[in-house]
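This report concerns only the one structure given below.
As a basis for the values below, the full set of heavy atoms in this structure was taken, side chains included, without hydrogen atoms, waters or symmetry mates. Order of the sequence lines sets the chain letters (A, B, ...), proteins ahead of strands, with each chain counted from 1.
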There are 2 protein chains.
Amino acid sequence: MSVTPRRPKGPPLNAMRAFDAAARHESFVAAAEELNVTPGAISQHIKALEAWAGTPLFQRNAQGVQLTQSGRALVGDFVAAFDGLAVAARALRNLSPNPDFQIATLPSIAQLWLPKHLARIRAAFPEINFSVTAMETPPSLSRELFDLAIFFGPLEEGSEQICLRKDEITPVCAPVLRERFEKDGFDGIALLHDQTWANDWTLWSEAAGVALADTQAGPKFSLYSLAVEEAKAGAGAIMGHTCLVEDFVASGSLVRLSDVDVSTGKALILEIPEKAQQRTETKHVAEMLG
Amino acid sequence: MSVTPRRPKGPPLNAMRAFDAAARHESFVAAAEELNVTPGAISQHIKALEAWAGTPLFQRNAQGVQLTQSGRALVGDFVAAFDGLAVAARALRNLSPNPDFQIATLPSIAQLWLPKHLARIRAAFPEINFSVTAMETPPSLSRELFDLAIFFGPLEEGSEQICLRKDEITPVCAPVLRERFEKDGFDGIALLHDQTWANDWTLWSEAAGVALADTQAGPKFSLYSLAVEEAKAGAGAIMGHTCLVEDFVASGSLVRLSDVDVSTGKALILEIPEKAQQRTETKHVAEMLG
DNA sequence: AATCTTGCCGTAGAAAAACTAAGGCTAAGA
DNA sequence: TCTTAGCCTTAGTTTTTCTACGGCAAGATT
């Protein structure tokens, strides 16, 4: 009999959150990204939880984890619980007198598309502070405290989505390279690549029926906007996503190298949380972007 | 624009749990007890949450806290969310090959009533490890990971409760004091008190119509079982709860000083979680105690 | 076959969070 | 007026959590 009557403790909350994320993604790396920590942290949380429960929750394979039978049985409960918590957290945030309006989007969209539109919206809502967070993968709006997300992707049923633009690509370059292109075609120009859209050149050359020497060769950039800047400076041609480069084409700082726009099958999609979790301004802001 | 794209963080989980507890009890002290920490810890959590939200959640008064308008609006969401989490946590625990069977009860019951009954049950379930946690206030079975609770209290509707015994009290003392009692009545004997049942002597004297010089005077003990031991050793008379002292009376180590049993209006109550959260053995164990 | 790449693990040390302890304040009630 | 109950604050300690980095194994690539 212990002298200090310590109640039996439940499992650590943060470990449960880590499990929730890891289970939804079936990946420690993806969970780590969502929670903004390193995969090692997730690994430790899961291990702690497994120790507490006395049962393995994941089967570790070399190229990824997989939920065990036991683990899979828990996912539903945990997802439901943390969904509920997210609702509560959002309610808490919305109490604040003037919470930031949080927008999640791709780095490229944040840099090339959003500023122009956001300026208009800021003017309409001068009292609201709009924050933009750039990320590679769309967040779950039912989980994370974003009020609006803009990403490229296929339209999905059942969520609050608006298609802003079809995603189409066409090669563009600086006007100074135009002459060289007229002479040698694509062979005379370096192809610039963005790492997250590494297949753009291949996709376009196949769909447009334009043969290219090597669709993978050429300088690679970690950010699309960097590649665009380089292209404007004359470093080569980039596969332009029309919605991202149209302003440069209009102003003449980039010129088209083809009349053919190829659809990527995706679209520029605006997504907002489900109704119950929207802020009063959300709908209005979405309409101004659409 | 920050270079490291840090996602906006939600409120700290532990702070939300502290809020949940504090809001349910409308008391930091009670919340602290439930979570097994000091009130200071709760205070800090709440302050952190208020800072995060930018809104006060509690109004601090000298003799207790009170939820603000804002705070009250959140309670429902948080209670629901943490209820869900408790369900998930229980599911997690029940995965374990052989989890302890957790029993919550008053210290006095744990020491004076439970051992006899538990012995029987341990014999019937030799493979199960029964853990007993003593506490002053019944836990919420939908929140904490107990499988069974035994407390004195009024029967309530709608929960899974079984009345084990009516709670009745009657004064008892060691046989050696009997003679003195015959001569001088209660005036010749010290009255022993347990701090959690400080009014027992008053209650009995009024209900039984027996006048006592001072129902509050006499040695006080923090544990009822300590007072019982002192009484057995001849230190004075104690107000015996029949279900707790009957064995000593039967064996002769304590003797009754009155024929009058006074009902406290309470009962010895066994409570188990709602069906969906019970373990397979729960019902059976409860029946063996009843 | 050799080499990359991906995604996990483990450990050590560093950083951050959570907790306790102790002293103080205020209002209610004796 | 004194006591009690209940909260607060602060400082310091303990515990938890995170990162950094080396390693390993299975597919993929050359």
Side-chain angles (χ1 to χ4, degrees), chain A residues 4-7 9-52 56-68 71 136-137 195-196 198-199 214 216-217 220, chain B residues 4 6-7 9-23 25-52 56-68 71 136-137 195-196 198 214 216 220:
Chain A
T4 1
R6 301 212 141 269
R7 294 158 119 95
K9 280 207 294 202
L13 284 181
N14 292 317
M16 292 195 280
R17 173 164 59 184
F19 172 76
D20 165 67
R24 272 184 292 116
H25 296 117
E26 285 214 55
S27 156
F28 288 4
V29 172
E33 191 184 334
E34 174 174 317
L35 299 181
N36 231 326
V37 296
T38 55
I42 303 292
S43 172
Q44 284 175 224
H45 277 309
I46 302 292
K47 196 160 43 152
L49 212 56
E50 289 175 328
W52 185 88
L57 266 13
F58 284 95
Q59 191 191 115
R60 277 79 165 175
N61 305 316
Q63 86 293 14
V65 290
Q66 201 180 354
L67 280 163
T68 60
E136 297 300 329
T137 318
Q195 300 196 321
T196 57
N199 291 320
D214 183 349
Q216 301 293 326
K220 297 185 172 45
Chain B
T4 2
R6 303 211 138 269
R7 294 158 119 95
K9 279 206 298 204
L13 283 181
N14 291 316
M16 292 196 279
R17 174 164 60 183
F19 173 76
D20 165 67
H25 296 116
E26 287 215 50
S27 155
F28 287 6
V29 172
E33 191 185 335
E34 174 175 314
L35 299 181
N36 230 328
V37 296
T38 56
I42 302 292
S43 173
Q44 282 176 296
H45 277 311
I46 301 293
K47 195 160 44 153
L49 212 56
E50 289 175 328
W52 185 89
L57 266 12
F58 284 95
Q59 190 191 113
R60 276 80 165 174
N61 306 315
Q63 84 295 15
V65 290
Q66 200 180 354
L67 280 164
T68 60
E136 298 299 331
T137 318
Q195 299 195 321
T196 57
D214 183 349
Q216 302 293 327
K220 295 184 172 47

Problem set entry | Protein-nucleotide distance (B:Arg17, atom CZ; D:dT16, atom P), rounded to Å | 12 Å
Exercise. Below 4.0 angstrom from OP1 or OP2 of D:dT16, is there any side-chain N or O of A:His45?
Worked result: no
Problem set entry | Minimum-distance nucleotide to B:Ala41 side chain [options: C:dC19, D:dT17, D:dT19] | C:dC19
Problem set entry | Which residues share a side-chain contact (heavy atoms from CB on, under 4.5 Å) with A:Pro11, sequence neighbours left out | A:Met16, A:Leu49, A:Trp52, B:Ala89, B:Leu92, B:Leu145
Exercise. Atom CD of B:Gln59 and atom P of C:dT26: how far apart are they, to the nearest Å?
Worked result: 16 Å
For this session: Grab the CD-C1' distance between A:Gln66 and D:dA26 for me, whole Å please.
Result: 14 Å
Seminar exercise, completed: Residue set satisfying ring-ring contact (aromatic ring centres under 6.0 Å, His included) with B:Phe28, at least two apart, ordered chain then number -> B:Phe58
Exercise. By side-chain hydrogen bond (donor to acceptor under 3.5 Å, both in side chains), which residues pair with B:Gln216, not counting sequence neighbours?
Worked result: B:Thr202
Exercise. Considering residues at least two apart in sequence or located in another chain, which fulfil the side-chain contact (heavy atoms from CB on, under 4.5 Å) criterion with A:Lys220?
Worked result: A:His193, A:Gln195
Seminar exercise, completed: Protein-proximity profile, nucleotides 6-13 of chain D, B/S/- by nucleotide at the 4.0 Å heavy-atom cutoff, equals BSSB----
Seminar exercise, completed: Rounded to whole Å, the CD-P distance (B:Glu33 to D:dA5) equals 15 Å
For this session: Return the nearest nucleotide to the side chain of B:Lys9; candidates are D:dT17, D:dC18, C:dA17.
Result: C:dA17
Exercise. A:Met16 has an atom CE; how far is it from atom C1' of D:dT16, in whole Å?
Worked result: 15 Å
Exercise. Just how far, in rounded Å, is P of C:dC19 from CD1 of B:Ile46?
Worked result: 12 Å
Exercise. So how far is it from B:Arg17 CZ to A:Leu13 CG, rounded to the nearest 0.5 Å?
Worked result: 3.5 Å
Exercise. Residues in side-chain hydrogen bond (donor to acceptor under 3.5 Å, both in side chains) with A:Thr196, at least two apart?
Worked result: A:Asp194
Exercise. Within this structure, what is the CD-to-P distance between A:Gln216 and D:dT30, rounded to whole angstrom?
Worked result: 10 Å
For this session: Could you pull out the closest heavy-atom pair between B:Pro56 and B:Thr68, with the gap in Å?
Result: O-OG1, 3.0 Å
Exercise. Could you give the CG-to-C1' distance, from A:Leu35 to D:dT19, as a whole number of Å?
Worked result: 15 Å
